[in-house]
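Scroll down for the structure; my scribbles are underneath it.
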Amino acid sequence: MKPPAPARLDRGFFDRSVHAVAPDLIGATLLVDGVGGVIVEVEAYHHTDPASHSHGGRTERNAVMFGPPGHAYVYRSYGIHWCVNAVCEPAGEASAVLIRALAPTHGLDRMRARRGLDDARLLCAGPGRLCQALGITKTLDGAPLDAPPFVLLARESTPAIVAGPRIGITKAADKPWRYGLAGSRFLSRPFRAG
DNA sequence: CAGTGGATGCTCT
DNA sequence: GAGCATCCACTGT
């Protein structure tokens with residue numbers, strides 16, 4: 001017997017608190033046009049969190065965060081990189097999970113060509129790196145995660161998850177809202193005691 | 001391995 | 001005009 005195909009995550013998966021969705025995304029598989037891998041690192045940004053782009057209210061850039069869950073919020077970081085989030089919670093709550101690192105499993109050659117690197121460990125180890133490897137840009141801002149070019153597959157077992165402070169922020173920097181797959185070689189940075 | 005600084009462009013005040 | 005949810009190259013141990 002052929003094992004059952006992994007379930008696709010539907011929009012209902014994201015229609016929960018960002019603090020529930022974020023750790024549940026660890027171990028899920030994210031693909032864009034067939035290129036991607038297993039999510040090993042994420043960060044949660046709640047609308048009541050001063051570090052969240054949505055904290056100051058709706059603007060042109062963060063408008064997608066105020067829309068329905070299960071969609072991609074893509075923004076430009078430091079003028080150079082793209083970063084991708086999954087919008088969570090009921091529409092209007094404006095919370096999202098930043099996807100920070102993948103363990104590459106699909107389309108390694110295309111990732112290497114886009115990144116100009118051979119080392120699999122560095123292809124998707126960081127939010128800007130993974131967007132470059134998967135070809136994610138502003139054109140996917142607002143796109144649903146349960147339709148092409150995205151594929152999002154549920155994990156098939158519950159992994160060991162570690163948590164710690166988020167990276168690269170100055171506000172609410174003490175909150176332990178970064179989640180990672182314990183022991184993964186593909187994290188953007190190691191977890192302190194994990 | 002740790003720390004520093006430059007690149008680079010858009011958003012918001 | 002300031003401030004970034006980053007990355008890379010370079011320095012010094």
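Keep in mind it's a predicted model, so treat the numbers as computed, not measured. Letters go in sequence order (proteins before strands), and every chain restarts at 1.
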Less than 3.5 Å between a donor and an acceptor, one on the side chain of A/Tyr75 and one on the base of C/dA5, is that the case here? yes

Of residues 47-56 of chain A, the positions that come close to DNA chain C - non-hydrogen atoms, cut-off under 4.0 Å: A/Ala51, A/His53

Here the helical stems involving DNA chain C, each at least 3 consecutive Watson-Crick or G-U pairs closer than 3.5 Å, sorted by first residue number, are B:1-7 with C:6-12, B:9-12 with C:1-4

Where does the angle between the aromatic ring planes of A/His19 and A/His46 fall among parallel (under 30°), tilted (30 to 60°) and perpendicular (over 60°)? parallel

Contact under 4.0 Å: A/Arg76 side-chain N or O vs B/dT8 OP1/OP2: no

Test your reading of the model: is there a side-chain donor-acceptor pair from A/Glu89 to the backbone of A/Val18, 3.5 Å cut-off? yes

Considering only heavy side-chain atoms of A/Ile80, the closest of B/dA7, C/dT6, C/dA5 is B/dA7

For a quick test of reading the model: is some side-chain N or O of A/Arg178 closer than 4.0 Å to OP1 or OP2 of C/dA5? no

Reckon A/Arg189 has a side-chain N or O less than 4.0 Å from the OP1 or OP2 of B/dC1? no

Same apolar cluster: A/Tyr45 and A/Val97, side chain cutoff 4.5 Å: no

Nearest-nucleotide comparison on DNA chain B, the residue closer to the 5′ end among A/Lys138 and A/His81: A/His81

Using distance alone, with no hydrogens and no angle criterion, decide if A/Gln132 and A/Arg115 have a side-chain donor and acceptor under 3.5 Å apart. yes

Under-4.0 Å side-chain N/O to phosphate OP1/OP2 contact, A/Ser77 with C/dC7: no

